[in-house]
Amino acid sequence: MGKVAVTVAVVCGVAVAVTAAVVVHRKMKKSGKWEKAMEIVKEFEEKCATPISKLRQVADAMLVEMHAGLASEGGSKLKMLISYVDNLPTGNEKGLFYALDLGGTNFRVLRLHLGGKGRGIVSKQFEEVSIPRSLMTGTSDALFDFIVAELAKFVAQEGMDFELRPGRQRELGFTFSFPVLQSSISSGTLVRWTKGFSIEETVGRDVVAELTKAMEKQGLNMRVSAFVNDPVGTLAGGRFTNNDVVAAVILGTGSNAAYVERAHAIPKWHGLPLKSGEMVINTEWGNFKSSHLPLTEYDHELDAETLHPGEQIYEKVTSGMYLGEIVRKVLRRMAEEAAFFGDTVPPKLKVPFILG
């Protein structure tokens, strides 16, 4: 088919779709169902509206929780976790480094060659792997064995240029996008799972130890030299290219933020004095909850159906894992109460997270 024919076909297809929509619109208007559908949409729009005044209330409430979280462990809905990162990249780093990013339904493995001052990233290779749903609620060993097996495949694809000198190990930066309580730059215990994961036996364990055990089991010559949360890693990446970067926000499967805080503004820090005078804080703001958040009936319904009801409320109203499900619930109600898609509800609209 030629270009003109394709264009005509597309235009004709759009015309047919528009015509069909007009016909449906007229039929719905006659029956009063169009008004009902628009009423549902307008009600939803009003209930989740965020005018500037509302945003200021939310921001003020979050600031109160941030201060409380910095003051003591468990004093706030926001964990305000100490990352043990008190020095960020300068852009002068040099050498070969690896990264593992476990963020949600996928994880990424990465290899970077940094050239030092003025050269930045010389080369970069990465792969992204989907995590089977069964592993997200299975066992700790099964999850980490799967991740390490994929990491080992990635390393095995290297050419001669990446061979290590005798006695040396590959250095791995491990980005882990779930709440952890760190005790050093290379260790941390899992506080809880989020984003569809639920492996109870891992909670309270050192995540780095779990990964290291899997690497030793599979004979992978690699050690975790830095363990950080994804916004902390994002902040470090931003600082590598711009020394003015002081905060990072994640808006993906979940949502979180990290920022650079002055050491004297962290009452719960009881470690040695920091030479830099600063510490990167992982806010874990996904767990923020406030009466000022515009929660609708759809939000409450979704929350009740998740693996962790009552938790990660802010994440559930802002992040990619949940927004599609909210849309599905609105569309399903329009189908049920206003016959928006015809006389029957489309079967797929009854499937949770079909719009993920």
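As a basis for the values below, the full set of heavy atoms in this structure was taken, side chains included, without hydrogen atoms, waters or symmetry mates.
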S.K.: Spell out, yes or no, whether Met222 and Phe146 are grouped together once hydrophobic residues are joined by side-chain heavy atoms under 4.5 Å, including indirect joins.
M.R.: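 Looking at the clustering, Phe146 is in the same group as Met222.
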S.K.: Check the orientation of Phe227 and Phe174. Use parallel for under 30°, tilted for 30 to 60°, and perpendicular for over 60°.
M.R.: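 Correct class here is tilted.
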S.K.: Do the charged groups of Glu171 and Arg223 touch, with an N to O distance under 4.0 Å?
M.R.: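 Looking at Arg223 together with Glu171, the answer is yes, because their closest N to O distance falls below 4.0 Å.
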S.K.: In plain terms, say whether Arg332 and Glu301 are close enough for a salt bridge, that is, a side-chain N and a carboxylate O under 4.0 Å apart.
M.R.: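 Salt bridge between Arg332 and Glu301, a charged N being under 4.0 Å from a carboxylate O: yes.
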S.K.: Where do Ile199 and Trp193 come nearest, in terms of heavy atoms and distance?
M.R.: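 Ile199 and Trp193 have their closest heavy atoms at O-NE1, 2.9 Å.
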S.K.: For residues Leu100 and Val224, determine if any side-chain heavy atom of one lies less than 4.5 Å from a side-chain heavy atom of the other.
M.R.: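 Side-chain contact under 4.5 Å: no.
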S.K.: Do the non-hydrogen side-chain atoms of Pro352 and Glu305 ever get within less than 4.5 Å of each other?
M.R.: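 No. Closest side-chain heavy atoms not under 4.5 Å.
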S.K.: For the residue pair Ser290 and Ala61, what are the closest heavy atoms and their distance?
M.R.: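 Answer, listing the atom of Ser290 first, then Ala61: OG-CB, 3.7 Å.
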S.K.: Do Ile82 and Lys268 have side chains that approach each other closer than 4.5 Å (heavy atoms only, starting at C-beta)?
M.R.: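 They are in side-chain contact.
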S.K.: As an exercise, state the distance from CZ of Arg56 to CG of Leu63, rounded to the nearest 0.5 Å.
M.R.: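 Interatomic distance, Arg56 CZ to Leu63 CG, rounded to 0.5 Å: 14.5 Å.
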S.K.: Check whether Ile250 and Val280 end up in the same hydrophobic cluster, where Ile, Leu, Val, Met, Phe, Trp and Tyr are linked by side-chain heavy atoms less than 4.5 Å apart.
M.R.: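 They do not share one cluster, since no chain of ILVMFWY contacts under 4.5 Å joins Ile250 to Val280.
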S.K.: Do Glu43 and Thr296 make a side-chain contact, defined as non-hydrogen atoms from C-beta onward lying under 4.5 Å apart?
M.R.: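 Counting from C-beta outward, Glu43 and Thr296 never come under 4.5 Å.
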S.K.: Would you give the length of the straight line joining atom OG1 of Thr253 to atom OH of Tyr322, rounded to the nearest 0.5 angstrom?
M.R.: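 Those atoms lie 9.5 Å apart.
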S.K.: Below 4.0 angstrom, N of the basic side chain to O of the carboxylate: do Lys42 and Glu45 qualify?
M.R.: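 Judged by the 4.0 Å cut-off on N to carboxylate O distance, Lys42 and Glu45 do not form a salt bridge.
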S.K.: Tell me if the NZ atom of Lys289 is crowded by more than 12 foreign heavy atoms within 6.0 Å.
M.R.: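 Atom NZ in Lys289 is not crowded, with 12 or fewer foreign heavy atoms closer than 6.0 Å.
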S.K.: Find the distance between CE (Met215) and CG (Asn221) and round it off to the nearest 0.5 Å.
M.R.: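 Separation between the atoms: 9.5 Å.
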S.K.: Is there a side-chain contact between Arg111 and Leu96, using heavy atoms and a 4.5 Å cut-off?
M.R.: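 A side-chain contact under 4.5 Å exists here.
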S.K.: Working to the nearest 0.5 Å, report the span between OG1 of Thr175 and CG of Asn229.
M.R.: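 Result: 8.0 Å between the selected atoms.
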S.K.: How far apart are the closest heavy atoms of Ala214 and Val148, and which atoms are they?
M.R.: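 Closest approach of Ala214 to Val148, heavy atoms only: CB-CG2, 3.5 Å.
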S.K.: Is there a path of hydrophobic side-chain contacts, each under 4.5 Å between heavy atoms of I/L/V/M/F/W/Y residues, joining Leu349 to Met334?
M.R.: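 Met334 clusters together with Leu349.
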S.K.: Within 45° of the ring axis of Phe144 and under 6.0 Å from its six-membered ring centre, is that where the NZ or CZ of Lys213 lies?
M.R.: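 Pair Lys213/Phe144 does not count as cation-pi.
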S.K.: Can you name the closest pair of heavy atoms from Gln218 and Asp145 and give their distance?
M.R.: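 Result for this residue pair: NE2-O, 2.9 Å.
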S.K.: Do Glu127 and Lys153 come within less than 4.5 Å of each other through their side chains, counting heavy atoms only?
M.R.: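 No, every pair of side-chain atoms sits at 4.5 Å or beyond.
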S.K.: Any ion pair linking Arg333 and Glu297 (charged N to carboxylate O, less than 4.0 Å)?
M.R.: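 Salt bridge between Glu297 and Arg333, a charged N being under 4.0 Å from a carboxylate O: yes.
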S.K.: How far apart are the closest heavy atoms of Lys77 and Asn287, and which atoms are they?
M.R.: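 Of all heavy-atom pairs spanning Lys77 and Asn287, the closest is O-ND2, 3.2 Å.
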S.K.: Stepwise, does the side chain to side chain contact (heavy atoms under 4.5 Å, CB included) test hold for Met136 with Leu143?
M.R.: CA-CA 7 Å; Met136 295 167 67; Leu143 175 63; 5.9 Å; no
S.K.: Return yes if some donor-acceptor pair links the side-chain N/O of Glu201 with the main-chain N/O of Ser140 below 3.5 Å, else return no.
M.R.: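 Yes; judged by distance alone, with no hydrogens or angles, the pair exists.
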S.K.: Quick check: are there more than 12 heavy atoms from other residues, nucleotides or ligands sitting under 6.0 Å from NZ of Lys195?
M.R.: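 Atom NZ in Lys195 is crowded, with more than 12 foreign heavy atoms closer than 6.0 Å.
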S.K.: When rounded to the nearest 0.5 angstrom, what is the spacing between OG1 in Thr202 and CD in Glu210?
M.R.: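 These two atoms lie 6.0 Å from each other.
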S.K.: One pair to check against side chain to side chain contact (heavy atoms under 4.5 Å, CB included): Ser177 and Asp101. What are the steps and the verdict?
M.R.: CA-CA 8 Å; Ser177 307; Asp101 176 19; 4.0 Å; yes
S.K.: Run Gln57 and Lys54 through side chain to side chain contact (heavy atoms under 4.5 Å, CB included) and show every step you take.
M.R.: CA-CA 5 Å; Gln57 289 176 327; Lys54 171 69 71 176; 3.9 Å; yes
S.K.: Counting only N and O atoms by type, is there a donor-acceptor contact under 3.5 Å from the side chain of Ser186 to the main-chain atoms of Ser225?
M.R.: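 No; judged by distance alone, with no hydrogens or angles, the pair does not exist.
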S.K.: Any side-chain donor paired with an acceptor under 3.5 Å for Gln312 and Thr194?
M.R.: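 Short answer, no.
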S.K.: Would you say Glu93's side chain and Gly91's backbone share a donor-acceptor pair under 3.5 angstrom?
M.R.: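 Yes, the answer is positive, given that a donor and an acceptor are paired below the 3.5 Å cut-off.
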S.K.: How many angstroms lie between atom CG of Asp303 and atom NE2 of His308, to the nearest 0.5 angstrom?
M.R.: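 Output value for this atom pair is 11.0 Å.
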S.K.: Quick check: closest heavy atoms across Arg328 and Phe353, and the distance to 0.1 Å?
M.R.: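 Shortest heavy-atom contact: NE-N, 3.9 Å.
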S.K.: Quick one: which of Leu190, Asn256, Asp230 gives a side chain to side chain contact (heavy atoms under 4.5 Å, CB included) with Phe178?
M.R.: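 Between Phe178 and the candidates, side chain to side chain contact (heavy atoms under 4.5 Å, CB included) is satisfied uniquely by Leu190.
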S.K.: For Met321 and Glu315: C-alpha separation, side-chain torsions, deciding distance, then whether side chain to side chain contact (heavy atoms under 4.5 Å, CB included) applies.
M.R.: CA-CA 9 Å; Met321 181 167 183; Glu315 184 169 82; over 6 Å; no
S.K.: Take atom NZ in Lys124; do more than 12 heavy atoms of anything else shown fall under 6.0 Å from it?
M.R.: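 Result for NZ/Lys124: open.
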S.K.: Among side-chain atoms of Thr189 and Asp206, is any donor-acceptor pair under 3.5 angstrom?
M.R.: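 Their side chains do not contain a donor-acceptor pair, so the 3.5 Å distance test is not met.
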S.K.: Do Trp269 and Val191 land in one hydrophobic cluster if side-chain heavy atoms of ILVMFWY residues count as linked below 4.5 Å?
M.R.: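 Looking at the clustering, Val191 is in a separate group from Trp269.
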S.K.: Is there side-chain contact between Glu261 and Met66, with heavy atoms separated by less than 4.5 Å?
M.R.: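 Result no, sub-4.5 Å side-chain heavy-atom pair not found.
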S.K.: Tell me whether Val180 shares a hydrophobic cluster with Phe197, the cluster being built from Ile, Leu, Val, Met, Phe, Trp, Tyr side chains joined at under 4.5 Å.
M.R.: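 Same cluster: Val180 reaches Phe197 through Ile, Leu, Val, Met, Phe, Trp or Tyr contacts under 4.5 Å.
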S.K.: Are more than 12 heavy atoms from other residues, nucleotides or ligands located less than 6.0 Å from atom CZ of Arg119?
M.R.: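 Check fails, neighbour count at 12 or below.
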S.K.: Any side-chain to backbone donor/acceptor pair from Lys316 onto His300? Under 3.5 Å, distance only.
M.R.: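 No, because the side chain of Lys316 does not come within donor-acceptor range (under 3.5 Å) of the backbone of His300.
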S.K.: What I'd like to find out is whether the side chain of Met62 reaches to under 4.5 Å of the side chain of Glu65, using heavy atoms alone.
M.R.: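 Answer no - side chains too far apart.
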